[in-house]
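Following: one structure in structure tokens, then a few remarks.
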Amino acid sequence: SQQGEEDPQALSIQEGENATMNCSYKTSINNLQWYRQNSGRGLVHLILIRSNEREKHSGRLRVTLDTSKKSSSLLITASRAADTASYFCATDGGSGGSNYKLTFGKGTLLTVNP
Amino acid sequence: SAVISQKPSRDICQRGTSLTIQCQVDSQVTMMFWYRQQPGQSLTLIATANQGSEATYESGFVIDKFPISRPNLTFSTLTVSNMSPEDSSIYLCSVPTPSREGLNEQFFGPGTRLTVL
């Protein structure tokens, strides 16, 4: 079964607004990574946050991690039409598991309307 | 980050046939992974392609259906055998790449979109 669950499953916003997507997982982790996928193509790596980190920034992206709640959020500020894509979280490791095998959430489809 | 290419980018195949997907990385990597993404779904790990030894398959995936080769540290192939329409998916390879912080960020190839008729 999937480790992660994203919510919402779909999100539609206007250009310039902020978009927040959430991810929950079930077991302990080493790292959590966020990816973007455009139109069913390959995944673009956005950001990795370690289990001992609480927040990380990269450009217009802000990721938080709450290991006590087993959840993470991805915030995209000042969204653009080009941000329209599916966003996935993926976890690895934990409980003696591999640092490399990723377990993916179901994804959030973000639509940014111009 | 590693540059990863896949061939073919897409294909339409008849049921009962097989398709071999290639994954090429621009640097030597110890581990390569193969994932499947069924329509409208998330990604599921098929197997780990190990150089010099047999691939390690995840639950629900078997070597007879998804044979994998890993002849060197920059290349791997995944074959989808005796295909059925249920095999219609995007198949992606990935490699972990050490970041500047020493973390293993995983990067993905562009994917192969397979449609089985």
Side-chain angles (χ1 to χ4, degrees), chain A residues 1-10 21 23-26 29-53 56-58 61 63 65 85-94 97-110, chain B residues 1-7 9-10 21 23-25 29-50 55-61 88-115:
Chain A
S1 62
Q2 292 289 339
Q3 163 86 304
E5 297 278 342
E6 275 98 334
D7 76 87
Q9 291 188 355
M21 290 159 274
C23 165
S24 61
Y25 55 92
K26 297 177 182 176
I29 63 171
N30 290 329
N31 305 297
L32 186 145
Q33 302 183 64
W34 282 92
Y35 292 86
R36 183 184 75 228
Q37 184 179 41
N38 293 83
S39 301
R41 294 292 292 164
L43 270 68
V44 175
H45 186 272
L46 296 177
I47 198 165
L48 179 152
I49 187 166
R50 290 178 284 191
S51 59
N52 61 356
E53 295 179 308
K56 201 164 183 178
H57 296 255
S58 177
L61 306 180
V63 170
L65 179 65
S86 292
Y87 291 83
F88 295 91
C89 70
T91 56
D92 64 24
S98 168
N99 283 343
Y100 307 106
K101 293 183 182 180
L102 296 183
T103 304
F104 281 82
K106 293 182 179 179
T108 294
L109 176 60
L110 173 66
Chain B
S1 64
V3 176
I4 307 168
S5 60
Q6 284 186 232
K7 290 182 181 178
S9 59
R10 60 177 59 225
I21 302 167
C23 179
Q24 179 77 51
V25 187
V29 293
T30 305
M31 306 176 80
M32 295 175 74
F33 300 91
W34 287 98
Y35 287 82
R36 179 178 74 181
Q37 184 180 27
Q38 294 176 299
Q41 302 296 313
S42 187
L43 282 76
T44 301
L45 180 62
I46 298 172
T48 304
N50 304 305
T56 307
Y57 289 84
E58 298 300 306
S59 175
F61 297 97
S88 298
S89 298
I90 299 173
Y91 293 86
L92 303 103
C93 63
S94 76
V95 299
T97 304
S99 69
R100 284 172 293 185
E101 300 164 323
L103 300 171
N104 284 301
E105 298 173 337
Q106 276 209 37
F107 293 89
F108 284 77
T112 295
R113 183 183 290 271
L114 170 62
T115 302

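Just so we're on the same page: letters track the sequence lines, and every chain starts at 1.
- For B:T56, the side chain to side chain donor-acceptor pair (under 3.5 Å) partners two or more places apart in sequence, or in a different chain, are B:N50.
- Under the 3.5 Å distance criterion, the side-chain polar atoms of B:S42 are left unmatched by any main-chain donor or acceptor of A:G107.
- Only the side chain of B:T48 comes within less than 4.5 Å of a heavy atom of chain A; its backbone N, CA, C and O stay farther away.
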> Is there a side-chain contact (heavy atoms from CB on, under 4.5 Å) between B:L43 and A:L102 once you walk through the steps?
Replying inline: CA-CA 9 Å; B:L43 282 76; A:L102 296 183; over 6 Å; no
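- Of the two parts of B:Q37, only the side chain, counted from C-beta on, holds a non-hydrogen atom closer than 4.5 Å to a non-hydrogen atom of chain A.
- For A:K101 against B:Q106, the heavy-atom pair with the smallest separation is N-NE2, 4.3 Å.
- Listed by chain and number, the residues in a ring-ring contact (aromatic ring centres under 6.0 Å, His included) with A:Y35 are A:H45, A:F104, B:F108 (sequence neighbours excluded).
- Listed options B:Q41, B:E58, B:Q6, B:R10 were ranked by heavy-atom pairs under 4.5 angstrom with chain A; first place goes to B:E58.
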